[in-house]
Amino acid sequence: MSKRVRVRFAPSPTGGLHIGGVRTALFNYLFAKKHSGDFLLRIEDTDQTRFVEGAEEYIIETLKWCGIEPNEGVGYGGEYGPYRQSERKPMYRQYAERLVEAGHAYYAFDTPQELEEMRERMKAAGNPAPQYNWATREYMKNSLTLPSDVVKQKLEAGEPHVIRIKMPRNEEVKFEDLIRGWVSFQTNQVDDKVLLKADGMPTYHLAVVVDDFTMKISHAFRGEEWLPSAPVHVLLYKYLGWEDQMPLWAHLPLILKPDGNGKLSKRDGDRLGFPVFSLDWTTKDGERQSGFRERGFLPEALINFLVLLGWNPGIAQEIFTLDEMVERFDIARVHQAGAKFDFEKCKWFNHQYVQKISNSQLADVTEKILAEKNIKAERAFVEHICGLVKERCTFMNDVWDNAFFFFQRPEKYDVDAVKPKWTEEKRQFFDLLISRFEDLNTWENSEIEKVFKDLAAEKNIKVGELQMPFRIMLCGGKFGPPVFEIAHTIGKNETVERIKLALTNFNF
RNA sequence: GCCGCGUUGGUCAAUCGGCUAAGACGCCUCCCUUUCACGGAGGAAUGACGGGUUCGACUCCCGUACGUGGUACCA
């Protein structure tokens with residue numbers, strides 16, 4: 001009987017949540033649902049200097065928007081709280097001290113300056129990345145080098161100190177990663193990580209194992225950037241006597257920049273013109289970072305795109321509902337290699353999903369844009385327009401760009417599309433067309449087309465040669481739904497007015 | 001530098017020792033449409049390199065190269 005599946009998404013509230021975080025949350029969610037387990041949200045706010053107001057709410061809102069809500073944790077309650085690490089502060093120290101007593105950790109009194117000096121000295125001696133480890137700790141101020149009475153005295157005097165893990169010498173630490181298989185490390189290569197900081201807060205290393213253990217986490221998924229410190233966590237489970245309760249690890253591949261090298265960062269969005277955050281976010285410096293939601297993405301599309309970045313069910317199908325993802329998801333099929341973010345493909349997914357959406361939903365978004373432009377329109381009309389141009393929309397807020405001419409007359413004309421083939425005969429055709437249109441009693445699509453084509457035949461001009469100028473008169477450019485559909489939709493009077501207006505402008 | 005992880009078309013990727021190497025995005029051509037888009041039909045484009053193991057290697061092993069991550073009292 002295996003234990004209940006409990007997974008957690010544990011972000012730090014340091015700003016907007018970028019899509020790498022969203023994907024980590026998604027994989028956790030899918031795994032939890034797949035195994036009828038729990039999905040919890042834990043906030044890792046142990047670094048008080050990096051805490052950002054509002055970031056926690058942002059994370060919760062993102063999860064809600066994406067439809068991958070936790071069922072336990074910050075904002076959701078549960079039996080294993082508190083779920084904010086800052087609120088758990090009092091419980092970490094005892095574990096760190098337990099480790100000290102057992103000889104697996106020690107007090108270190110080195111000041112930041114002393115640490116800096118040590119590093120400078122080592123660098124000067126040719127070590128590019130000095131560590132506080134099995135070798136250097138011998139020369140530092142800690143409970144391993146200082147006489148015990150001095151240590152006791154410092155502790156009692158309340159001298160600032162940290163607790164560091166004492167990495168063993170010449171040992172191999174290995175564990176089986178759900179995605180990568182067996183991974184092993186030599187302890188000599190790992191430094192004596194700080195477990196408890198001078199301010200009494202735990203570092204990530206201590207907090208993640210204490211919390212995962214006490215919250216009964218069964219599977220721990222996190223980004224690949226954590227792999228190098230995994231041996232510290234594995235050892236901590238061992239030293240704390242929780243080895244048999246250690247969650248199964250899975251280190252997720254990174255999401256990389258579309259161009260060049262490195263992992264996707266906040267900067268790449270601005271540089272290449274696409275969002276990397278879930279929602280719009282304004283930093284306290286007033287810097288605005290755009291989000292997928294405001295950009296016009298549908299959460300289902302974003303999720304669908306993200307689930308396939310680093311995971312593949314092995315079938316040709318690419319469009320999945322959340323339920324289908326849950327059904328097919330398998331952590332063992334997550335890739336080992338990082339994946340480059342491809343905005344074109346991301347847009348394709350959104351286009352697919354926009355096509356499925358109702359005209360009414362599209363109209364909701366479009367009405368807001370119309371309101372901003374002070375344009376009033378009947379709801380039914382807006383919905384009809386949305387239906388007409390939907391297939392041309394990649395984003396939810398694309399309707400205006402594809403349909404503005406239904407709401408206002410063109411402000412300029414694509415003269416290059418008309419001028420070269422414009423003739424006096426064509427002008428006469430349109431003059432006549434105006435009166436033919438005015439004589440019409442009804443204004444049906446087919447009827448408009450018939451009148452237009454009959455007149456073209458009378459004047460012996462090819463219909464195709466006339467349709468383009470007609471389109472330019474109505475829309476201003478070479479785009480949009482079928483012309484007769486446009487004429488029908490804007491109505492007879494407006495159509496006639498636009499022809500007249502265009503004719504006065506077509507002076508070539 | 002050291003350590004970890006990785007490497008199938010431009011990108012996402014299938015393949016679990018039998019490959020004439022799927023599919024999707026993007027790109028190109030054609031058809032539809034005398035617009036744009038959608039849709040349809042085609043096309044170009046891939047196993048980093050070198051050694052093994054094997055009847056047979058994209059698949060397994062080793063080395064090299066390259067990429068990526070870590071190397072903080074940040075997560």
Side-chain angles (χ1 to χ4, degrees), chain A residues 10-14 44-47 49-50 85 108 110-112 115-116 119 123 126-133 160-164 177 179-181 183-186 188-191 193-205 207-208 222-231 251 253-254 256-259 261-263 305 308-319 333 335-349 351 355 389-394 402 414 417 462-468 470-472 474-475 477-483 486:
Chain A
S12 289
T14 56
E44 310 220 325
D45 56 350
T46 55
D47 185 355
T49 64
R50 292 213 306 160
Q85 290 180 332
D110 315 278
T111 64
L115 251 19
E116 186 54 30
R119 292 194 176 106
K123 276 183 193 168
N127 185 339
Q131 292 184 316
Y132 198 120
N133 61 13
H161 63 275
V162 300
I163 292 180
R164 313 184 84 114
D177 185 279
I179 295 170
R180 291 153 211 283
V183 183
S184 77
F185 300 83
Q186 292 301 322
N188 289 8
Q189 297 293 338
V190 186
D191 60 340
K193 287 267 182 281
V194 169
L195 263 21
L196 199 74
K197 303 188 252 189
D199 64 2
M201 276 289 196
T203 57
Y204 172 84
H205 305 104
V208 77
R222 61 196 343 181
E224 193 187 351
E225 69 269 25
W226 290 108
L227 199 47
S229 49
H251 291 87
L254 268 12
L256 276 11
K257 299 178 195 298
D259 62 340
N261 312 317
K263 66 173 173 176
F305 168 69
L308 258 13
L309 253 197
W311 172 76
N312 190 290
I315 56 175
Q317 183 182 343
E318 284 199 294
I319 302 292
R333 281 193 70 99
H335 295 175
Q336 302 172 236
K340 284 185 179 167
F341 176 82
D342 180 1
F343 192 52
E344 290 305 319
K345 182 90 185 217
C346 188
K347 286 197 299 197
W348 176 81
F349 273 105
H351 183 262
Q355 302 321 302
V389 302
K390 186 155 64 181
E391 67 190 26
R392 273 156 258 256
C393 295
T394 293
N402 285 298
D414 181 353
K462 283 186 194 146
V463 180
E465 300 250 323
L466 296 161
Q467 275 193 54
M468 183 52 81
F470 189 33
R471 169 175 297 281
I472 304 295
L474 302 186
C475 315
K478 297 195 287 185
F479 40 69
V483 251
I486 296 171

message = At less than 4.0 Å, is any side-chain N or O atom of A:Arg119 found next to OP1 or OP2 of B:rC73? Yes or no.
response = yes
ask   = What's the verdict on salt bridge (charged side-chain N to carboxylate O under 4.0 Å, His left out) for A:Lys345 and A:Glu318, showing C-alpha distance, side-chain angles and the deciding distance?
value = CA-CA 11 Å; A:Lys345 182 90 185 217; A:Glu318 284 199 294; 3.0 Å; yes
key: Length of the line joining A:Asn133:CG and B:rG1:P, which is rounded to integer Å   = 19 Å
note = Rounded to whole Å, the NZ-C1' distance (A:Lys340 to B:rU8) equals 14 Å
message = Let's see if you can work this out: which of B:rC36, B:rU11, B:rG4 has an atom nearest to the side-chain heavy atoms of A:Arg392?
response = B:rC36
task = For A:Arg471, report the nucleic acid contact type (base, sugar-phosphate, nothing); a contact means any heavy atom under 4.0 Å.
result = base
request  = Establish, with yes or no, whether the OP1 or OP2 oxygen of B:rG70 is under 4.0 angstrom from a side-chain nitrogen or oxygen of A:Arg222.
outcome  = no
task = Return the 5'-most residue of the pair A:Ser184, A:Pro112 with respect to RNA chain B, ranking by each residue's nearest nucleotide.
result = A:Ser184
inquiry  = Over all strands shown, is A:Lys462 touching base, sugar-phosphate only, or nothing at heavy-atom distances under 4.0 angstrom?
reply    = base
ask   = Distance between the C1' atoms of B:rA72 and B:rU11, in whole angstroms?
value = 35 Å
key: Side chain of A:Leu309 (C-beta onward), nearest among B:rC12, B:rA75, B:rA24   = B:rC12
Any strand: nucleotide that pairs with B:rC12 via Watson-Crick or wobble, under 3.5 Å = B:rG23
ask   = Nearest of B:rA75, B:rA24, B:rC36 to any side-chain atom of A:Thr46?
value = B:rA75
key: Nucleotide nearest A:Asp47 (side chain, heavy atoms from C-beta), chosen from B:rC5, B:rA75, B:rC3   = B:rA75
key: A:Phe305 ring center near A:Phe341 ring center (under 6.0 Å)   = yes
query = Across the strands shown, which category fits A:Gly477 at heavy-atom distances under 4.0 angstrom: base, sugar-phosphate, nothing?
reply = nothing
ask   = Considering only B:rA75, B:rC25, B:rC73, which nucleotide approaches the side chain of A:Val194 most closely?
value = B:rC73
query = Could one point to a donor on the side chain of A:Lys193 or the base of B:rA72 with an acceptor on the other under 3.5 Å away?
reply = no
task = Round to a whole Å and report the spacing from CZ of A:Phe479 to C1' of B:rU34.
result = 17 Å
Length of the CG-C1' vector between A:Asn312 and B:rA14, whole Å = 7 Å
key: Rounded distance [0.5 Å steps], SG in A:Cys393 versus NE2 in A:His351   = 7.5 Å
Complement of B:rA57, any strand, by Watson-Crick or G-U distances under 3.5 angstrom = none
request  = When you get a sec, tell me which of B:rC73, B:rG10, B:rA13 is the closest nucleotide to the side chain of A:Ala339?
outcome  = B:rA13
query = Using atom C1' of each nucleotide, how far apart are B:rC66 and B:rG47 to the nearest Å?
reply = 16 Å
query = Do the side-chain N or O atoms of A:Lys197 get closer than 4.0 angstrom to the phosphate oxygens (OP1, OP2) of B:rA75?
reply = yes
message = If we count only N and O atoms by modelled type, under 3.5 Å, do the side chains of A:Arg180 and A:His251 hold a donor and an acceptor together?
response = no
request  = In whole angstrom, give the distance that lies between atom NE2 of A:His335 and atom P of B:rU7.
outcome  = 10 Å
ask   = With the threshold set at 4.0 Å, does a side-chain nitrogen-carboxylate oxygen contact exist between A:Asp191 and A:Lys193?
value = yes
inquiry  = For a quick check of understanding: with a heavy-atom distance under 4.0 Å over all strands, which category does A:Val183 fall into, base, sugar-phosphate or nothing?
reply    = sugar-phosphate
task = May I have the distance from A:Leu227 (atom CG) to B:rU71 (atom P), rounded to whole angstrom?
result = 13 Å
ask   = What is the pairing partner of B:rC36, taking Watson-Crick or G-U wobble pairs with both distances under 3.5 Å in any strand?
value = none
message = Strictly below 4.0 Å: does A:His205 bring a side-chain N or O up to OP1 or OP2 of B:rC74?
response = no
query = Taking any strand in view, what nucleotide pairs with B:rA65 in a Watson-Crick or G-U wobble way, both distances under 3.5 Å?
reply = B:rU7
message = Please report the distance separating the P of B:rG9 from the corresponding atom of B:rC55, rounded so that it comes out in whole Å.
response = 30 Å
key: C1'-based separation of B:rA13 from B:rC25 [nearest Å]   = 11 Å
inquiry  = Could you tell me how far B:rU8 sits from B:rG67 if I compare only their C1' atoms? Round to whole Å.
reply    = 15 Å
Separation of the P atoms in B:rC62 and B:rC19, to the nearest angstrom = 26 Å
inquiry  = Can you tell me the base-pairing partner of B:rU29? Count Watson-Crick or G-U wobble geometry only, both distances below 3.5 Å, and say none if there is no partner.
reply    = B:rA41
ask   = A:Trp348 side chain: which of B:rG69, B:rA37, B:rG26 is closest?
value = B:rG26
key: Inter-residue atom distance A:Arg164.CZ - A:Asp110.CG, 0.5 Å rounding   = 7.0 Å
inquiry  = Between B:rC58 and B:rC49, how far apart are the two C1' atoms, rounded to whole Å?
reply    = 14 Å
inquiry  = Under 4.0 Å, heavy atoms only, any strand: does A:Pro253 hit a base, just the sugar-phosphate, or nothing?
reply    = nothing
ask   = Considering only the C1' atoms, how many Å lie between B:rG26 and B:rG43, rounded to the nearest integer?
value = 14 Å
inquiry  = Without decimals, in angstroms, what is the distance between A:Phe185 CZ and B:rC2 P?
reply    = 17 Å
inquiry  = Can you measure A:Asp177 atom CG to B:rG4 atom C1' for me and round it to whole angstrom units?
reply    = 12 Å
query = If you round to the nearest 0.5 Å, how far is CD of A:Gln85 from OG of A:Ser12?
reply = 7.5 Å
request  = Please figure out whether A:Thr49 or A:Gln189 has its closest RNA chain B nucleotide nearer the 5' end.
outcome  = A:Gln189
request  = Under a 3.5 Å limit for both distances, which nucleotide forms a Watson-Crick or G-U wobble pair with B:rC2, could you say?
outcome  = B:rG70
ask   = Can you tell which of B:rA24, B:rC73, B:rG70 lies closest to the side chain of A:Glu318?
value = B:rA24
key: Any A:Arg164 side-chain nitrogen or oxygen under 4.0 Å from OP1 or OP2 of B:rC73   = yes
request  = Ignoring the backbone of A:Pro482, work out which of B:rU35, B:rC12, B:rC73 is nearest its side chain.
outcome  = B:rU35
task = Ignoring backbone atoms, test whether A:Gln336 places a side-chain nitrogen or oxygen under 4.0 Å from the OP1 or OP2 oxygen of B:rG6.
result = yes
query = Is there a donor-acceptor contact under 3.5 Å from the side chain of A:Gln131 to the main chain of A:Asn133?
reply = no
ask   = Across the strands shown, which category fits A:Gly262 at heavy-atom distances under 4.0 angstrom: base, sugar-phosphate, nothing?
value = sugar-phosphate
message = So, does A:Lys390 get its side chain near the phosphate of B:rC38, meaning an N or O under 4.0 Å from OP1 or OP2?
response = no
message = Looking at A:Lys263 and A:Glu224, is there a salt bridge between them, counting it only when a charged N and a carboxylate O are closer than 4.0 Å?
response = no
inquiry  = Within the 4.0 Å heavy-atom criterion, would you say A:Asp110 contacts the bases, only the backbone, or no part of the nucleic acid?
reply    = base
request  = Ignoring backbone atoms, test whether A:Thr203 places a side-chain nitrogen or oxygen under 4.0 Å from the OP1 or OP2 oxygen of B:rA72.
outcome  = no
request  = Indicate whether the side chain of A:Tyr204 and that of A:Asp47 have a donor and an acceptor atom separated by less than 3.5 Å.
outcome  = no
